[in-house]
Engineer: 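Encoded as structure tokens, here's the structure I'll be asking about.
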Amino acid sequence: MRTATVIRRLLIANRGEIAARIIRTCQRLGIEAVLGASEADLASVPARLADQVVRLGPSPAAASYLNVDAVVAAARAVGADAVHPGYGFLSESPRLAQACERAGIVFVGPTAEQLAVVGDKLAARRHARDSGLPVVPGGEVRGTAEALALAEQLGWPVLVKAAGGGGGRGMRLVTEAAEIEAALETAAAEASVAFGDTRLYLERYVSSGRHVEVQILADGVDAVHLGDRDCSIQRRYQKLVEEAPAPGLDEQLRSRMHQAAVAFARRLGYRGAGTVEFLVETGRAALRPPEPAGAALRPPEPAGSTFYFLEMNARIQVEHPVTEAITVLDATGLDLVAEQIAVAEGLPLRIAQDAVVLSGHAIECRINCEDWLHDFRPSPGMVTRVAVPVGPGLRVDTFLQAGDEISPYYDSLVAKLIASGRDRAQALERLRSALRRFVVEGVATTVPMHLALTEEPEFVAGGVDTTWFARFLQRRGATAAPRKSR
């Protein structure tokens with residue numbers, strides 16, 4: 001454990017709802033919140049909430065929120081003790097973590113070495129295996145010949161994936177040998193632009209699975225889990241709805257996933273908040289590496305009894321509020337940002353595993369400024385009216401106000417609606433009611449999509465897989481249905 005540092009002034013190198021959320025935690029803790037903002041965000045709601053604002057650069061993200069030198073220079077200029085990167089942008093950048101360390105500024109997150117390990121998907125797979133976690137069969141490939149040989153061993157279809165990042169970039173589903181060369185070329189080009197890394201690997205494609213993740217918190221020595229979340233409703237590998245806990249999981253499987261996530265964090269000596277993401281097999285017998293020649297065949301495991309390590313996100317997640325909503329600690333409840341800051345200050349974990357009690361259910365909808373019936377076309381423009389629902393079990397994280405201009409420069413996420421209750425049925429009813437009362441005028445949003453989704457019988461039943469949302473869009477008549485999710 002490193003020497004403790006009291007954080008009195010924190011630079012937030014981010015924007016939108018996560019910036020507003022971090023500012024509110026800082027103010028509760030008595031920490032001066034300084035917002036690092038681009039030109040486009042100097043008059044935003046987070047800028048008005050912050051104690052101080054410093055300009056990072058022009059509106060394009062590459063010149064501001066993604067500019068390591070600008071972020072560190074801004075932190076130095078205002079005398080910040082620490083930098084919180086939020087999520088997205090530079091939140092998983094080893095270069096920013098290193099630059100902060102060189103400048104004597106605390107980086108609220110893992111070490112640069114840990115960011116490098118989990119950001120490299122091949123290295124993360126090796127560490128997962130060494131920690132005893134199952135991984136989807138696959139491996140690195142260098143060229144078409146290697147890819148064909150491995151694909152034949154794994155069985156078609158396969159996924160081509162980028163070693164240097166995630167979020168669906170550099171990822172291609174390949175169903176037959178004739179497609180492999182073009183898929184490798186396209187994925188490598190996309191990965192080079194997105195991550196500066198052309199390395200690729202193949203994984204066996206799991207045709208029906210659920211995306212379940214485990215929230216962990218660690219101090220570099222010990223680690224605890226804070227339950228799990230289901231994030232299976234995705235479009236083009238981007239999450240749209242998350243809920244905690246994951247509904248309908250076998251409790252032994254759930255416990256094994258929790259233990260696996262903690263084991264992985266401890267092996268890394270991980271520091272900060274993080275999420276270990278898994279794929280839970282639901283559609284057919286569990287996938288296993290090929291048996292050695294002459295080995296006796298084992299009977300298949302029941303569907304849903306096996307999970308596979310996907311990756312680790314070394315930051316706070318967009319969906320962290322659903323975990324906060326169901327975690328019972330004390331009268332003040334759980335604040336993951338406050339725990340991140342405490343760990344960054346060098347304090348040991350303030351939460352013991354046996355003190356974590358999970359109660360009730362919570363569901364989060366990501367509200368984006370997009371026209372969902374027309375291929376989720378972005379909808380920038382002037383917001384003329386906003387009416388945010390309030391009531392028992394409701395939380396809205398947003399930076400949206402009437403008169404705001406939705407910028408074309410950034411991600412279209414403008415709000416998160418979180419509904420919680422004593423059980424999933426109550427949370428779902430509160431969510432439906434809130435969506436009916438959530439009004440944003442002047443721009444198109446995905447509120448109507450979420451309302452339609454929550455009325456679907458399969459979603460109401462719980463436990464849909466990652467292919468379900470594409471079928472939902474087709475039934476609802478949305479144009480240009482997305483490509484398959486894993």
Side-chain angles (χ1 to χ4, degrees), residues 121-122 125 134-195 197-212 231-240 277-291 300-301 303-304 306-311 375-376 458 464-475 478-486:
K121 304 310 178 187
L122 289 168
R125 280 170 60 92
V135 299
V136 180
E140 186 175 7
V141 292
R142 301 174 182 84
T144 304
E146 278 190 20
L148 282 171
L150 182 55
E152 292 296 337
Q153 181 184 354
L154 296 173
W156 302 93
V158 295
L159 278 176
V160 176
K161 301 178 79 172
R169 290 170 293 183
M171 185 183 298
R172 291 293 182 275
L173 175 64
V174 185
T175 59
E176 59 184 30
E179 301 171 355
I180 195 76
E181 185 173 6
L184 292 171
E185 290 178 358
T186 303
E190 192 172 308
S192 178
V193 171
F195 315 118
D197 185 346
T198 60
R199 290 176 303 143
L200 303 172
Y201 65 105
L202 295 191
E203 280 185 353
R204 185 182 290 175
Y205 177 65
V206 178
S207 61
S208 180
R210 291 173 61 185
H211 189 127
V212 179
C231 307
S232 299
I233 296 182
Q234 302 176 8
R235 175 183 179 268
R236 297 181 179 172
Y237 310 110
Q238 300 299 311
K239 301 167 187 174
L240 300 174
E277 306 207 352
F278 299 101
L279 182 66
V280 177
E281 175 75 11
T282 59
R284 53 190 172 89
L287 297 176
R288 289 190 292 261
E291 299 284 356
E301 297 179 42
T306 296
F307 63 90
Y308 302 98
F309 171 82
L310 284 176
E311 63 183 1
D375 200 27
F376 291 80
E458 290 173 298
V464 298
D465 69 13
T466 55
T467 66
W468 179 83
F469 187 70
R471 297 192 297 274
F472 160 77
L473 288 180
Q474 291 170 343
R475 284 197 302 272
T479 60
R483 63 179 183 263
K484 294 179 182 178
S485 295
R486 62 170 179 257

Engineer: Got more than 12 heavy atoms from elsewhere within 6.0 Å of CD, E140?
Structural biologist: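 Enclosed.
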Engineer: Of all the heavy-atom pairs spanning S192 and T198, show the shortest one and how long it is.
Structural biologist: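 Heavy atoms of S192 and T198 come nearest at CB-CG2, 3.7 Å.
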Engineer: Mind running side chain to side chain contact (heavy atoms under 4.5 Å, CB included) on L240 and Q234 for me, showing each step along the way?
Structural biologist: CA-CA 5 Å; L240 300 174; Q234 302 176 8; 5.9 Å; no
Engineer: Over 60° means perpendicular and under 30° means parallel, so tell me whether F469 and F376 are parallel, tilted or perpendicular.
Structural biologist: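 Plane angle between 30° and 60°, so tilted.
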Engineer: With a 4.5 Å limit on heavy-atom distance, are the side chains of H211 and K239 in contact?
Structural biologist: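 Of all side-chain heavy-atom pairs linking K239 with H211, at least one is under 4.5 Å.
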Engineer: Looking only at the side chains, is there a donor atom on one of T186 and E190 sitting less than 3.5 Å from an acceptor on the other?
Structural biologist: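 Side-chain D/A pair, T186 to E190: absent.
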Engineer: Do W468 and E458 meet the criterion of a side-chain donor-acceptor pair at a distance under 3.5 Å?
Structural biologist: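 Result is yes, a qualifying pair exists.
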Engineer: Can you tell me how far apart CH2 (W156) and CZ (R204) are? Round to the nearest 0.5 Å.
Structural biologist: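 The distance works out to 13.0 Å.
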Engineer: Not counting sequence neighbours, which residues clear salt bridge (charged side-chain N to carboxylate O under 4.0 Å, His left out) with E152? List them please.
Structural biologist: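 With sequence neighbours excluded, E152 shows a salt bridge (charged side-chain N to carboxylate O under 4.0 Å, His left out) to no residue whatsoever.
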Engineer: Output, in order, the C-alpha distance, side-chain angles, deciding distance and verdict of side chain to side chain contact (heavy atoms under 4.5 Å, CB included) for T144 and L184.
Structural biologist: CA-CA 7 Å; T144 304; L184 292 171; 4.1 Å; yes
Engineer: Whether D375 and R235 form a salt bridge (side-chain N of Lys/Arg under 4.0 Å from carboxylate O of Asp/Glu) is what I want to check.
Structural biologist: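 Yes, R235 and D375 are salt-bridged.
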Engineer: Looking at residues at least two apart in the chain, or sitting in another chain, which of them share a salt bridge (charged side-chain N to carboxylate O under 4.0 Å, His left out) with E146?
Structural biologist: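 Partners of E146 under the salt bridge (charged side-chain N to carboxylate O under 4.0 Å, His left out) test: none.
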Engineer: The criterion is side chain to side chain donor-acceptor pair (under 3.5 Å); which residues satisfy it with D465, sequence neighbours excluded?
Structural biologist: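 Result, side chain to side chain donor-acceptor pair (under 3.5 Å) vs D465: S208, T467.
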Engineer: With sequence neighbours left out, write down each residue that passes side chain to side chain donor-acceptor pair (under 3.5 Å) with E185, or none if nothing qualifies.
Structural biologist: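 Scan of E185 (side chain to side chain donor-acceptor pair (under 3.5 Å), adjacent residues dropped) gives none.
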Engineer: Which pair of heavy atoms, one from I180 and one from A147, lies closest together, and at what distance?
Structural biologist: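 Closest approach of I180 to A147, heavy atoms only: CG1-CB, 3.9 Å.
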Engineer: Under the rule for ring-ring contact (aromatic ring centres under 6.0 Å, His included), what residues qualify as partners of Y201, not counting sequence neighbours?
Structural biologist: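 Checked Y201 against ring-ring contact (aromatic ring centres under 6.0 Å, His included); zero matches.
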Engineer: Taking only residues two or more places apart in sequence, or in another chain, which ones meet R125 in a salt bridge (charged side-chain N to carboxylate O under 4.0 Å, His left out)?
Structural biologist: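 R125 satisfies salt bridge (charged side-chain N to carboxylate O under 4.0 Å, His left out) with E203 once adjacent residues are dropped.
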Engineer: Drop me the distance from L150's CG to L202's CG, to the nearest 0.5 angstrom.
Structural biologist: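 Taking CG in L150 and CG in L202, the distance rounds to 5.0 Å.
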Engineer: Is there a side chain to side chain contact (heavy atoms under 4.5 Å, CB included) between L159 and V174 once you walk through the steps?
Structural biologist: CA-CA 6 Å; L159 278 176; V174 185; over 6 Å; no
